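One structure is given below, encoded as structure tokens.
These figures come from a predicted structure and were not determined experimentally. Throughout, protein chains are lettered first and strands after them, A, B, ... in sequence-line order, and every chain is numbered starting at 1.
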Amino acid sequence: MIDTNIRERAKYLRNEINRHNHLYHVLDRPEIGDAEYDRLMRELGELENQYPGLITTDSPTQRVGAPPADGFTEVKHVVPLLSLGNAFNDEELESWHKRVTSLLDGAVFDTVCELKMDGLAVALTYENGLLIHGATRGDGLRGEDVTQNLRTIRSIPLSISGTSPERFEVRGEVYFPRSHFARLNEQRIINDLPPFANPRNSAAGSLRQLDPRNTAQRPLDIFIYGLGYANGTQMPDNHWDTMLYLKSLGFRINSNNVLCHNLDDVKNYYRHWLDDRKDLDYDADGVVVKVNSLSYQRNLGQVGREPRWAIAYKFPATQAVTQLLDIGINVGRTGRLNPYAVLEPVNVGGVTVKTATLHNEDDILRKDVRIGDWVLVERAGEVIPRVVAPVIEHRTGHERKFAMPERCPICNTIVVRTIGVAMSSCPNTACPAQLYELLKHFVSKGGMDIEGMGEKLCAALLDASLIEDIADVYFITRDDLIKLDHMADISTDNIINAIYKSKERPLARVIFALGILHVGSETAEILTSHFGDIIPLARAPEEELVTIPGIGPIIAQSISSYFHDQDNMEVIEKLRTSGVRLQEENPLELRLTGTLFVVTGKLESLTRAMAETRIKELGGAIGSSVSRKTNYLVAGKDAGSKLEEALKLGTPMLSEDEFLKMIGGN
DNA sequence: CCGCCTCGAGTTCT
DNA sequence: CTCGAGGCGG
């Protein structure tokens, strides 16, 4: 016999833990910390260990109770799980609404809008307040008994506190939170398992684990969206209140559901989530619109397996299946060979997609994508489409595996494969493809920023052999451009002007524009503030470069070898002779080196001594009188003879403001 | 040596 | 934006 006190304690612990579970997983409003929760769980576990008679099926320790199964048993649904008709635009929604209205003899009716989650529908059966079994939707008539796996989902109550119908079934959608999806796939790749294509597949895979312990590892969650049936208690007469009632029983209901009084509310709800669904922690592929009144629902009935009282207003698909016609190769600025998918054009989320990157050979092998495959293409919320995975079921056996070419598709040079990494690259830096990419990079916004020089002009200039290296940009003439035709006089002038203006870009931009491997905008910035001029940078030995924070051996090697290349040095020389600034406009330190100043008159914002100190700090020199060697006269108020002398000699003069600007910045 | 963080490179369509 | 590589601290 177990002591009554202990029995009471166990019961108390069960209730407490279940209550905190509900607070945490359903209401998202925890009252205690993890440590405290663990303590309660441990105490209950210890009691149950000592007195196995205390273990109840709804004990929180029993979420993972069952041993691995051999398979799943089929269960017949008491009330079939229906599927839904679809609407893809406002007109289709309106015609559904009109039809329902006429079937209801013109009655005005409320609807409930819910997000249609892209997960797995399940049915949970409770008897006398206890979860007795749970099943997948299957074909709607029969599903699989996955009770043991569903029990591991913390937001599913194992028992109902308070009174509940004697026997009832709720329906819900099990999903795999997006926030955990990437991590799961990382794990799978580490464990040599194929990654899941999307969170929906993860949910399906997780729910079909034979060992519930595996399922318990997965952060599955659920939203309850309907009541299958209920015996023994009076139920609300509409869907909305039914959901409120289920919520009061402890079920997790999506708080984004709304009750709508007219069709405009429905449309607004749809449009709102069309934009905002990207911020949800689950995939939603549309909005489910349900007639609220249950008696209206009964009147409307169903056609085939689709109820007339509900419709799914689908969002434009962000995924689509299409055929992979070919795999092409792009040669990038760095010479890397980047494979891309040539797709049978397909509409994904409202845009026709014809190509998508495949990253590298590794990626293709990992996904096992073959030419001729039907592939799943995705434009997940974001803009850039990607090939997710092949649809293996559509394989005919005529697909061709892809192999990286042995030679550069542009210049036919034998490609180099870096050992360890399946990344091929064309070693020929003079490869026309690389020069084209480099030229585009050189004139781009982050680089020399030459307005009006886009892809087309770059290609045309290369085509006409007017450009053989990036410095040739500064030797383009109006006549050259006119010869290219397709070009009005005005735009020709604009381009010549833009090229001229670009000579004054800050040094960091120029260094970035050169396109040195591994030197992007940040590194260019670091190099600029360290050297202030391209010459000392070009001469810096690797040993010096690696001492600079942010520059490691690989970047140092890359910089060093760039400047050791004769051709590159010629390019720099050409840039210099054509007037491109290759010094920091405002080198932070010592930027006044070799400049002789004379300060005279009364300065407003600082004393003469301060001004002179500042000049010396920046590497400049101070003269006591104006001579031909004087570079600048800083003239304050009431300047006397020195001013006259400077005027006589034509010495450049700086007002106080101009001077402050020159030394300014810090 | 490993994990974390930052930076670089490539990318689609209208 | 996303992936991978490089740098760096522990």
Residue whose closest nucleotide on DNA chain B lies nearer the 5' end, A:Thr352 versus A:Arg336:
A:Arg336
Of A:Ala524 and A:Tyr340, whose nearest nucleotide on DNA chain B comes first from the 5' end?
A:Ala524
Please answer whether the main-chain N or O of A:Gly328 pairs with a side-chain N or O of A:Asp326 as donor and acceptor at a distance below 3.5 Å.
no
Taking A:Asn428 for the side chain and A:Ala430 for the main chain, is one N or O donor matched with an acceptor at less than 3.5 Å?
yes
Do [X] and [Y] sit within salt-bridge range, that is, some charged N less than 4.0 Å from a carboxylate O?
X	Y	value
A:Glu94	A:Lys267	yes
A:Asp90	A:Arg271	yes
A:Arg277	A:Asp118	no

Considering just the side-chain nitrogens and oxygens of [X], establish if one lies under 4.0 Å of OP1 or OP2 belonging to [N].
X	N	value
A:His518	C:dG6	yes
A:Thr357	B:dT12	no
A:Asn338	B:dT11	yes
A:Arg333	B:dA9	yes
A:Thr355	B:dC13	yes

Distance in angstrom units between [X] [atom1] and [N] [atom2], rounded:
X	N	atom1	atom2	answer
A:Leu517	C:dG4	CG	C1'	13 Å
A:Arg178	C:dT2	CZ	C1'	16 Å
A:Glu378	C:dC1	CD	C1'	13 Å
A:Gln557	C:dG7	CD	C1'	16 Å
A:Ile559	B:dG8	CD1	C1'	13 Å
A:Arg386	C:dT2	CZ	C1'	9 Å
A:Lys440	B:dT11	NZ	P	9 Å
A:Ile526	B:dC7	CD1	P	8 Å

Would A:Arg154 and A:Tyr24 count as a cation-pi pair here, with the cationic atom under 6.0 angstrom from the ring centre and within 45° of the axis?
no
Check every atom of [options] against the side chain of [X] and return the nucleotide holding the closest atom.
X	options	answer
A:Glu522	B:dC13, C:dG6, B:dC7	B:dC7
A:Ile555	B:dG8, C:dG6, B:dT12	C:dG6
A:Thr334	B:dA9, B:dG8, C:dG7	B:dA9
A:Ile554	B:dG10, B:dT12, C:dG7	C:dG7

May I ask you to decide if the ring planes of A:Phe176 and A:Phe181 are parallel, tilted or perpendicular, using 30° and 60° as cut-offs?
perpendicular
With under 30° as parallel and over 60° as perpendicular, where do the rings of A:Phe442 and A:Tyr474 fit, or are they tilted in between?
perpendicular
Give each protein N/O atom lying under 3.5 Å from an N/O atom of nucleotides 8-10 of chain C, with the pair distance.
{"unit_1": "C:dC8", "atom_1": "OP1", "unit_2": "A:Gly550", "atom_2": "N", "d": "2.4"}

